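Here the structure is laid out as C-alpha cells; the discussion comes afterwards.
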Amino acid sequence: MLDVNKIRADFPILSQKVNGKPLVYFDNGATSQKPQVVIDAISKYYQEINANIHRGVHTLSQLATDAYENSRGKLQNHINAKFAHEVLFTSGTTHGINLVANGFASILKPGDEVLVSALEHHSNIVPWQMLCEKTGATLRVIPMNEEGELIMSEYDTLLSDKTKIVTVNHISNALGTVNPIKYMIDKAHEVGAAVFIDGAQAVPHLKPDVQELDCDFYAFSGHKMCGPTGTGILYGKEAWLNKLPPYQGGGEMIKEVTFEKTTYADLPHKFEAGTPNIAGGIVLGTAVDYMNEVGFENIQQQELELLEYGTQRLLEIEGLKIFGTSAEKTSVISFNIEGIHPYDIGTIIDKLGIAVRTGHHCAQPVMNFFCIPGTIRASFAFYNTKEEIDIMVEAIKKAQLMLS
Ligand SMILES: Cc1ncc(COP(=O)(O)O)c(CN[C@@H](CS)C(=O)O)c1O
C-alpha cells in the first residue's frame, strides 16, 4: 500500500499553486511529473561528469560514457531485453516509431499490408501511412467497438500472408483501454508478420517484459514515466535491428567513412547518430530506479482505486458520458457532459487549479468513431489522491452550472 503523502513530498511541483489554487494535476497521460531525485540527477550530471560520450579518452568522457551505458543496462533489465544492444535510446515514442517505419521502406512492396488499430495515437498512424505511400503497401485498420475495445474476430480476419507489420498501442491514450497484445503478437507471428508495440501509455503503469511478450519492437517515452522529456527507448529484436538500415547518418553510427563507401557501426550505435541526450539518457535510468522503488504493484493498486473512485464520482454528474468502458482499463477517464463542449469545461476548471486535457488527444480517428469533437481526459498517476478527484468533481459541477 502506498503512503501517498510521502510519495507526493517527492514531487515539488505538486505543492505548487495554479491560478491561486492548489494544483490538481490530472494530465499524466500527456506527461508525468518528476520526483526530486530525477530533477537533482540532471543537475548532478552537468555539475560533475558532463562530457561527450563514446569518443573522448579523458576521464570525464569515460565517466559520462559509463553512466550512459549503465543506464542502458538498467533499461534492458527493466523491460527484460535479451541484449543491451537491443535497447536503443531515442527522443521518445514518436522517434522510435519513425525509426522502424523508415527502416521498413527498404523491405515493403506493393501488395504488402500494414495493420494499425482504430485506437492509435497519430504517432502510430502517420509514420505508417508515410511508409505505405513510399512503398505502395496498404494500410488496414483493426476496428473497435462501442466500449473502445479492439474486435479480435475482425483482427483474425484481417491477418493474412500479406500482413507484414502489425502496430498497436499497449494502452490507448484517449480511452485507457488495455489491448490484448500478447494474443495479437502470437496471431501476427502465425502469418509471419512483425509486431510493433507502442508502449507510451503502458510504461507509467507496468513493466513490459519484451521476451515474454515476444514483440519485435516496443517503444516508449521517458517523460511519461517520471523521466525527462526528449528521452525514450526503442526495443528491437536483434535480428530485426540488424536487418533494418540506419534511420539517420552521422557521427557515432559508423565503422569507417570514405567518399566511396561508409560501413556502419554495430548495434546499438548504428541507430544512435550524433551526440545524444546524454543527461536525459542517464536520468531516464534514475527515473526507472525511482518507479521500481515505488513498486509497480503499489502503483497499479493506487491507480485502480483512483480509476474506480473517479468513475463512481464522475457518474454522479448529470449528463456525463464516459468514453472507453472496457473492463481492461488503466487510470484514464475520458468523458463529455451533454450540451457542453469539452474545451469549455477544461478552461473553467483550470481556473480552479485543475489540469486535465481536452480535445482529440492526437487520436482523431477515435473521436470520429464516437462522432465527437473531443473529450475531457482525466489521467491519474500514483501520486494523485481521492481528495483531488473530489475537488475536480465539485469544480466540474460548478462549471456545469455556469455553462447551463
Ligand atoms: C499512445 C501514444 N503513442 C505515442 C505518443 C507520442 O509520445 P511522444 O513522447 O510525444 O513521442 C503518445 C503521447 N500522448 C500524449 C501527447 S499527445 C497524450 O497526451 O496522450 C501516446 O499517448
Side-chain angles (χ1 to χ4, degrees), residues 25-34 75 88-102 116-130 141-142 144 148-150 166-179 181 184 195-206 208 215 217-235 247 276-277 280-281 283-284 287 323-324 326 328-335 342-343 346 350 355-367 374-381:
Y25 184 76
F26 284 162
D27 196 17
N28 294 286
T31 196
S32 70
Q33 295 303 348
K34 318 304 170 191
L75 271 298
L88 310 182
F89 281 110
T90 65
S91 61
T93 307
T94 304
H95 178 186
I97 296 169
N98 279 277
L99 186 153
V100 172
N102 276 274
V116 299
S117 96
L119 277 172
E120 297 314 304
H121 181 282
H122 296 162
S123 289
N124 203 31
I125 298 172
V126 179
W128 305 106
Q129 284 175 318
M130 294 161 85
V141 183
I142 307 161
M144 70 178 180
E149 298 166 326
L150 298 182
V166 173
T167 184
V168 65
N169 60 45
H170 196 158
I171 294 178
S172 158
N173 70 312
L175 305 179
T177 308
V178 180
N179 291 314
I181 60 168
M184 297 180 80
V195 183
F196 189 111
I197 301 297
D198 167 354
Q201 292 293 339
V203 293
H205 311 292
L206 56 86
C215 53
F217 304 96
Y218 196 101
F220 59 89
S221 305
H223 68 91
K224 301 212 193 269
M225 56 177 301
C226 296
T229 50
T231 65
I233 293 295
L234 171 69
Y235 160 79
Y247 173 48
N277 178 355
V283 177
L284 178 53
F323 297 90
S326 170
E328 296 300 318
K329 254 191 91 168
T330 189
S331 50
V332 169
I333 307 179
S334 253
F335 58 95
Y343 179 79
D350 171 56
V356 294
R357 183 169 178 181
T358 66
H360 56 63
H361 316 300
C362 301
Q364 285 174 303
V366 173
M367 305 302 143
T375 68
I376 301 151
R377 183 189 70 181
S379 45
F380 309 129

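Just follow the structure's listing: the first ligand is 1, and inside any ligand the first atom is 1. Throughout, residue positions are numbered sequentially from 1 according to the sequence presented. In this text, all values refer to a predicted model and were calculated from it rather than measured experimentally. Computation of the quantities below employed the complete heavy-atom set of this structure, encompassing side-chain atoms and omitting hydrogens, waters and symmetry-equivalent molecules.
Looking only at protein heavy atoms, the nearest one to atom 1 (C) of ligand 1 is Asp198 OD2, 3.4 Å. For atom 22 (O) of ligand 1, the nearest non-hydrogen atom of the protein is Gln201 NE2, 2.7 Å. For atom 10 (O) of ligand 1, the closest heavy atom belonging to the protein is Thr94 OG1, 3.9 Å.
Short contacts between ligand 1 and Ser221, defined as distances under 4.0 Å to a heavy atom of the residue, involve ligand atoms 7 (O), 8 (P), 9 (O), 11 (O). Contact atoms of ligand 1 toward Ser123: 4 (C), 6 (C) (distance under 4.0 Å to a heavy atom of the residue). Annotation for ligand 1: atoms under 4.0 Å from non-hydrogen atoms of Asn173 are 18 (C), 20 (O), 22 (O). Numbered from 1 in the order shown, with element, the atoms of ligand 1 that lie under 4.0 Å from a heavy atom of Gly29 read 15 (C), 18 (C), 19 (O), 20 (O). Using a 4.0 Å cut-off to heavy atoms of Ala30, the atoms of ligand 1 that qualify are 15 (C), 18 (C), 19 (O).
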| said: Evaluate Val168 against Glu120 for side chain to side chain contact (heavy atoms under 4.5 Å, CB included), listing each step before the verdict. | reply: CA-CA 7 Å; Val168 65; Glu120 297 314 304; 3.4 Å; yes
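Between His360 and His122, the ring planes are tilted. Angles from 30° to 60° get that label. Between Phe196 and Trp128, the ring-plane angle classifies as perpendicular under the 30° and 60° cut-offs.
With a 6.0 Å radius and a threshold of 12 heavy atoms from other residues, nucleotides or ligands, Glu328 has its CD atom at or below the threshold.
Considering each of Lys224, His121, His122, the one bringing a non-hydrogen atom nearest atom 15 (C) of ligand 1 is Lys224. Remark: among candidates His360, His95, Arg357, the nearest residue to atom 17 (S) of ligand 1 is Arg357, based on non-hydrogen atoms.
Counting heavy atoms from C-beta on, the side chains of Thr375 and Pro342 never come closer than 4.5 Å. Under the 4.5 Å side-chain criterion, counting only non-hydrogen atoms from C-beta, Phe217 is not in contact with Ile97.
For Cys362, every heavy-atom contact with ligand 1 shorter than 4.0 Å involves the side chain, none the backbone.
Between Ser123 and the choices Thr94, Asn169, Thr93, the side-chain hydrogen bond (donor to acceptor under 3.5 Å, both in side chains) rule is met once, by Thr94. Between Tyr218 and the choices Val203, Val195, Leu234, the side chain to side chain contact (heavy atoms under 4.5 Å, CB included) rule is met once, by Val203.
If you take CG on Leu119 and CG on Asp198, they are separated by 11.0 Å, rounding to the nearest 0.5 Å.
Residue contacts with ligand 1 do not include Glu120, since none of its heavy atoms lies under 4.0 Å from the ligand.
The distance criterion of under 3.5 Å between nitrogen or oxygen atoms is not met by His361 with respect to ligand 1.
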